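First the structure, in the form of structure tokens, and then the observations on it.
Order of the sequence lines fixes the chain letters, A, B, ..., with proteins taken first and strands second; residue numbering starts at 1 for each chain. As a basis for the values below, the full set of heavy atoms in this structure was taken, side chains included, without hydrogen atoms, waters or symmetry mates. Since the model is a prediction, treat every value here as computed from it, not as a measurement.
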There are 2 protein chains.
Amino acid sequence: MRRMTARPANTHQARLLRLLRDGGPNSRAQLGDQVDLSRSKLAVEVERLLETGLVVADGLAASRGGRRSHNIRLAPGLRFLGVDIGATSVDVAVTNAELEVLGHINQPLDVREGPVAVFEQVLAMAAKLKASGLADGFDGAGIGVPGPVRFPEGIPVAPPIMPGWDGFPVREALSQELGCPVMVDNDVNLMATGEQHAGVARSAGDFLCVKIGTGIGCGIVVGGEVYRGTTGSAGDIGHIVAVPDGRPCACGNRGCLEAYFSGAALARDATEAAQQGLSAELANRLETNGSLSAADVAAAAAAGDATALDLIREGGNRTGQVIAGLVSFFNPGLVVIGGGVTGLGHTLLAAIRTQVYRQSLPLATGNLPIVLGELGPAAGVIGAARLISDHLFSPA
Amino acid sequence: MRRMTARPANTHQARLLRLLRDGGPNSRAQLGDQVDLSRSKLAVEVERLLETGLVVADGLAASRGGRRSHNIRLAPGLRFLGVDIGATSVDVAVTNAELEVLGHINQPLDVREGPVAVFEQVLAMAAKLKASGLADGFDGAGIGVPGPVRFPEGIPVAPPIMPGWDGFPVREALSQELGCPVMVDNDVNLMATGEQHAGVARSAGDFLCVKIGTGIGCGIVVGGEVYRGTTGSAGDIGHIVAVPDGRPCACGNRGCLEAYFSGAALARDATEAAQQGLSAELANRLETNGSLSAADVAAAAAAGDATALDLIREGGNRTGQVIAGLVSFFNPGLVVIGGGVTGLGHTLLAAIRTQVYRQSLPLATGNLPIVLGELGPAAGVIGAARLISDHLFSPA
DNA sequence: ACTACTTTCTCCACTCACAGGACAAAGGCG
DNA sequence: CGCCTTTGTCCTGTGAGTGGAGAAAGTAGT
């Protein structure tokens, strides 16, 4: 199949492509209702899009009381690659032009092995998806990395948990390897983008998306656009001080949020509790697996283990305190909680909600939903596909 | 003089008006260099603006080696009213179309007396400025109030320190009284706008403006635009928890930043210290004035009083800790400190800087200036004038 | 004073985006 | 079978905008 070569020639075409992406197939008339263009102008732009091959007309829709309309849809062969690189695992997925996930692979990974090794693995996973017949090539790829990114160039800058990536030209290198356009962003921003596109944040303009995985980060969306900050490190809330002069943190300061709660901190605290004999449930699991993870704590909590529940509650309280501050500051319309620890579920959510509703201003919390993300591990890859499609569906 | 009646008919005209406002008189050729329009089109739009009376051509500029150019400038009779209502005082100023302050009055005031009493005073001050010959009427007015505002309607919502204002239609009422268009915003946002227009933040895209007066607030600017949040309460950082389970605060929670530092907290702590005999300097001033204010603490600190300096340092440390968190979260390109306590000067600034540079991530602080505002009490009124001029200089 | 060159501004013809109406195509319904 | 509705196409008029020619008004050199 021929790959996507053309780009929309103007903002009208870009607008139409995004409508077709987000709303699925549409007739010219339906498109006309959404774009404030005359039917004649619209027909011209659709015609040009048909000529480029970016969209196709396939078949007639059912009549709605008059002449049947032609279905216009994005080229069915378009394929986007979504890659979400985490600290300890990687997700790779293929989507169609409507950003529906056609195939999704997750594999363990150590991001510290550096970009070369990681990309080898990612390319192998992409090849596997291709081999399974889901795609015969990619029209674009979005990449999420667990650290700050200089966005326009797609280059990680001073990423704490992946020092070997500092300055590595991810965008350029992967574009070469894959032979298609590539965009790179922080993994937390992509999760926010994913939940905005297809998850709980669909109708939200200003919202926060807190991702609690190995570390803690926060995606910030202002007026529907991801806010990345001056140097690309916005949302890096893991090292906000939760307890002045509190526990020492790996970063050198004391009392950072991540020293109290994150996937890593939770595993550590659970191990400690198990070794001190505070929880038979956790001790059992430690014995069996050799180590504990956030998932073990979630399982123990589900089984009613008091220690596990306490750990989750305490972590949720700390996190909630920090989020409460952010809510006062940012006054979002929605807060989404996601990431690896979503498995901790409503115990965690309840603790966070309690703190936020108690500490933030009534005006800011009055109508503020605090909810779990609904896409799980798909959020990142959908966000990645959305990122590259936004890029490709804008005027060249 | 005839008041401004027309509004720009399109974005080009709006753009030209703003260029003339921010850059002063310009020739058609100079304007052409800035707007990416052909000279012919530009001449047409300028001609239309001349017809409306929004701009005038007055005289010829010196030759730069060729034909002398005609100076185009905003109508010299345009006058904006800037009003900055604080908790305990009010600033009213008149500006010309270039937002230069022509006259400025400050008077004490108790905002809790409610909108009717306050507006009576404000209107009297405006009349005084008119009587002094600086204006014979106003083409627009910007109003700053110390609380959250539903921005489009210009109505305060649930303002903690001015409960009598809740739901009062400030914009509509003042528009009636003044007979000109009015825009209303939070005082902190207007300070940020003022420093952005004519102060230290002139070239900043994303920045924070922390105003420490009777309370503490923070103006948030994203991409050159003030961010107000979902319900207009963004930047309300006074009740972020600085010390978990710390001092009780008037809001009912414990450990709020404002319980530790603000004009009011500083005055209270200084009074306490004076009564406990910790500082002869402060005790003296308490004796003389009957009460202490932030200005007294500033004076004592300037005189070398150790207790006063300690109070400032401790407050700066608390504030700095909170700002450090905001810097990690928001990753601004600049932090401006302003408000009534700017008189505490570099002792305060040094404490804040120390905390932020120590606690925030290197990537976020690496090139982050933290500076005092340079406009002082003029920031608010200039911001107010800028607010209404932005409104009037946009297509109707 | 005269010429050559520069800058500023105006005028005019041409292009292009776009709207809006007329009209054709294709269906449903009584 | 006529009438109405919906969809899509064609065509013409309008107004925005460009770009070039040239007029206006100056400086600098000879």
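Within 4.0 Å of A/Leu37, counting heavy atoms only, lie sugar-phosphate atoms of the nucleic acid but no base atom. Base contact: B/Lys41 has a heavy atom under 4.0 Å from a base atom.
Remark: A/Glu98 pairs with no residue by the salt bridge (charged side-chain N to carboxylate O under 4.0 Å, His left out) rule, at least two apart or across chains. Remark: B/Asp185 pairs with B/Asn189, B/Arg228 by the side-chain hydrogen bond (donor to acceptor under 3.5 Å, both in side chains) rule, at least two apart or across chains.
Ion pair B/Arg21/B/Glu100 not flagged as a salt bridge, since none of the NZ, NE, NH1 or NH2 atoms sits closer than 4.0 Å to an Asp/Glu carboxylate oxygen. With respect to B/Arg3 and B/Asp139, a salt bridge is recorded, a charged nitrogen being found less than 4.0 Å from a carboxylate O.
Rounded to an integer number of Å, the gap from CG of B/Asp36 to P of D/dA16 is 18 Å. Atoms CG (B/Leu60) and C1' (C/dT8) sit 11 Å apart, rounded to a whole Å.
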Taking protein heavy atoms under 4.0 Å as touching, what does nucleotides 4-12 of chain D look like 5' to 3' if B marks base contact, S marks sugar-phosphate-only contact and - marks none? -BBBBSBB-
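Although no hydrogens or angles enter the test, the distance criterion places no donor-acceptor pair under 3.5 Å between the side chain of B/Gln13 and the main chain of B/Leu49.
Considering only side-chain N and O atoms, B/His12 lies nowhere under 4.0 angstrom from the phosphate OP1 or OP2 of D/dA16.
A side-chain contact (heavy atoms from CB on, under 4.5 Å) with A/Met183 is found for exactly one of A/Asp390, A/Leu387, A/Leu392, namely A/Leu387.
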